[in-house]
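Along the sequence shown, the residues carry numbers beginning at 1. Whatever order the structure lists them in is the order used to number ligands and atoms, beginning at 1.
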Amino acid sequence: MSEGMKQQSAADLESKSSADMGQQALWTHVKSGLKNEFGEDVFNAWLTNLECAGVEGGTLSISARTPFVRDWVKRHYAPKILEMWMREDGRVMAIEVIAQKASQMSPVETQQTALAQKQDQTQASDVLEDSFGARLDPRYSFDNFVVGKSNELAFAAAQRVADSSEVPFNPLFLHGGCGLGKTHLMHAIANKVRREHPERIVMYMSAEKFMFQFISALRYKDTVAFKRQFRSVDLLMIDDVQFIANKNSTQEEFFHTFNALVDNRRQVVISADRSPTDLEGIEERIVSRLGWGLVADIHPTDYELRLGILQAKAEKLEGTSVRDDVIEFLAHRITSNVRELEGALNRVAAYATLVGRPVTIDMTRDVLQDLIRANDRKITIDEIQRQVAEYYNLRMADLLSARRSRNIARPRQVAMYLSKQFTSRSLPEIGRKFGGRDHTTVIHAVRKVDDLRLTDSALEDDIARLSRMLRG
Ligand code: ADP
Ligand code: MG
């Protein structure tokens with residue numbers, strides 16, 4: 001860019017006393033690009049009156065006539081504006097849209113505002129989405145999250161993030177076992193921010209999706225657009241970040257995205273099934289940076305919390321009432337996680353509706369046999385390995401070795417499969433327990449056994465027998 005692109009203070013730019021010709025020329029160029037992109041109508045309705053207020057510290061500032069147009073432009077056109085600007089000026093990494101005085105609305109603008117508000121309401125009545133169209137589950141709210149000792153820190157932190165106009169801590173790192181409410185809290189943050197601050201750009205995404213998007217951006221040589229979509233957000237949430245362990249280039253990109261956002265004081269929220277320091281296969285510098293903000297862990301539920309959750313969910317059940325003794329029974333016996341607890345309650349209620357009898361403890365015991373047994377016994381990977389080795393008459397050392405002969409490899413796959421079924425260990429953890437294998441080996445084993453079970457009745461038999469022995 002020309003000399004004229006040099007940075008200016010916001011005050012200068014707002015007074016426009018020193019209009020920067022280079023910048024203004026570029027803005028004119030971008031505007032004509034926008035007209036082509038969105039067509040005359042949209043352009044005249046929303047974009048023609050936008051002004052370039054300058055570039056400061058890598059952020060392009062665009063000003064709109066009214067707060068409403070600002071919000072609308074921010075949500076619908078800001079990413080494209082940024083992309084077009086970045087194509088010409090590589091130093092710009094982010095965009096902000098600001099409003100001029102709120103009072104001076106022309107009649108046309110007043111009308112425009114009303115119209116857009118109407119459009120917006122129709123959208124809002126549908127499923128809430130983040131600014132990039134990821135579906136946010138509207139059922140996940142702060143209101144229906146039951147708080148106990150094990151999750152109060154995570155809950156309070158998530159609320160702070162949703163309520164603060166400033167970034168209270170960056171990142172917020174939520175971690176805890178599966179089914180304990182991490183995704184629920186993230187959606188609750190997103191839902192609340194989307195509802196109360198529609199002008200903020202919110203993005204929620206699983207780490208897995210982040211990776212797939214990144215890979216396809218690489219494939220289609222479209223990484224500029226990929227970067228752009230992330231760097232324009234106010235609030236980025238990446239769920240299950242353990243997923244990108246060992247995925248080096250994805251990690252690298254994630255780290256850059258993360259840094260860019262944190263440096264621009266945008267809020268980042270991350271979840272994982274373990275703490276930053278326990279994340280293996282993630283680079284040290286990333287781990288340390290992830291721990292800079294607030295790390296909040298969600299512990300396994302205790303009896304009181306389980307009781308509270310069940311009571312809350314039971315109240316919402318239509319058509320069936322679940323007696324207190326049944327709720328207490330469930331809270332005692334289903335200890336694994338909230339997801340299973342919910343599932344158990346729903347199963348019993350569905351059964352009761354079906355047979356037209358009220359829920360009793362005996363019925364519950366009957367309907368939930370398998371679940372209760374699994375919750376009674378914590379099956380470990382060691383135990384599975386021992387049992388499988390014994391069953392197939394192998395030595396433990398062979399089972400865990402690198403040997404690939406069929407008579408060893410198959411039982412090993414069965415043991416991996418059972419570990420996935422019976423424990424809550426992650427794929428990388430299972431891999432490590434099997435002589436330090438990669439999690440892809442475990443995925444392969446699980447798929448293989450799943451396939452074989454359908455055609456190989458001897459194997460199916462083995463699995464059934466082993467499962468019975470493990471359940472005790
Ligand atoms: P995670 O992402 O940690 O694996 P989820 O957020 O998907 O767990 O939670 C699993 C299920 O349990 C969801 O349906 C969620 O609504 C519910 N849940 C978890 N914790 C709570 C809680 N404290 N109060 C109410 N529901 C909860
Ligand atoms: Mg989750």
Which residue holds the protein heavy atom closest to [atom], what is that atom called, and what is the gap in Å?
| atom | answer |
| --- | --- |
| atom 13 (C) of ligand 1 | Y140 OH, 3.6 Å |
| atom 14 (O) of ligand 1 | E342 OE1, 2.8 Å |
| atom 4 (O) of ligand 1 | G179 N, 2.7 Å |
| atom 18 (N) of ligand 1 | V338 CG1, 3.2 Å |

In plain terms, say whether K80 and E37 are close enough for a salt bridge, that is, a side-chain N and a carboxylate O under 4.0 Å apart.
-> yes
Which count of protein N, O or S atoms is obtained for distances strictly below 2.8 Å from the Mg ion (ligand 2)?
-> 1
Nearest heavy atoms of S467 and L418, plus distance in Å | OG-CD2, 3.9 Å
Taking [X] for its side chain and [Y] for its backbone only, find out whether a donor-acceptor pair lies under 3.5 Å.
| X | Y | result |
| --- | --- | --- |
| T441 | R437 | no |
| T360 | M363 | yes |
| N170 | V268 | yes |
| K182 | G177 | yes |
| Q267 | F169 | yes |
| H76 | W72 | yes |

Can you tell me if [X] contacts ligand 1 (heavy atom of the residue under 4.0 Å from the ligand)?
| X | value |
| --- | --- |
| K313 | yes |
| G177 | yes |
| G176 | no |

Of H184, H187, R339, which has the heavy atom at the shortest distance from atom 6 (O) of ligand 1?
-> H184
What atoms of ligand 1 come within less than 4.0 Å of a heavy atom belonging to [X]?
| X | result |
| --- | --- |
| C178 | 4 (O) |
| N144 | 24 (N), 25 (C) |
| V146 | 22 (C), 23 (N), 24 (N), 25 (C) |
| N151 | 23 (N) |

With rounding to the nearest 0.5 Å, note down the distance linking CZ in F173 to CH2 in W292.
-> 15.5 Å
Hey, which of F243, F255, F226 is the one that makes ring pair (Phe, Tyr, Trp, His ring centres under 6.0 Å) with F210?
-> F226
Pair R139-N144, side-chain donor/acceptor within less than 3.5 Å | no
So is there a nitrogen or oxygen of [X] less than 3.5 Å from a nitrogen or oxygen in ligand 1?
| X | result |
| --- | --- |
| F145 | no |
| G181 | yes |
| V147 | no |

Test side-chain hydrogen bond (donor to acceptor under 3.5 Å, both in side chains), reference Y204, set N191, D137, D239, output is D239
S426 and its side-chain hydrogen bond (donor to acceptor under 3.5 Å, both in side chains) partner, picked from Q242, R432, R274, K420 | R274
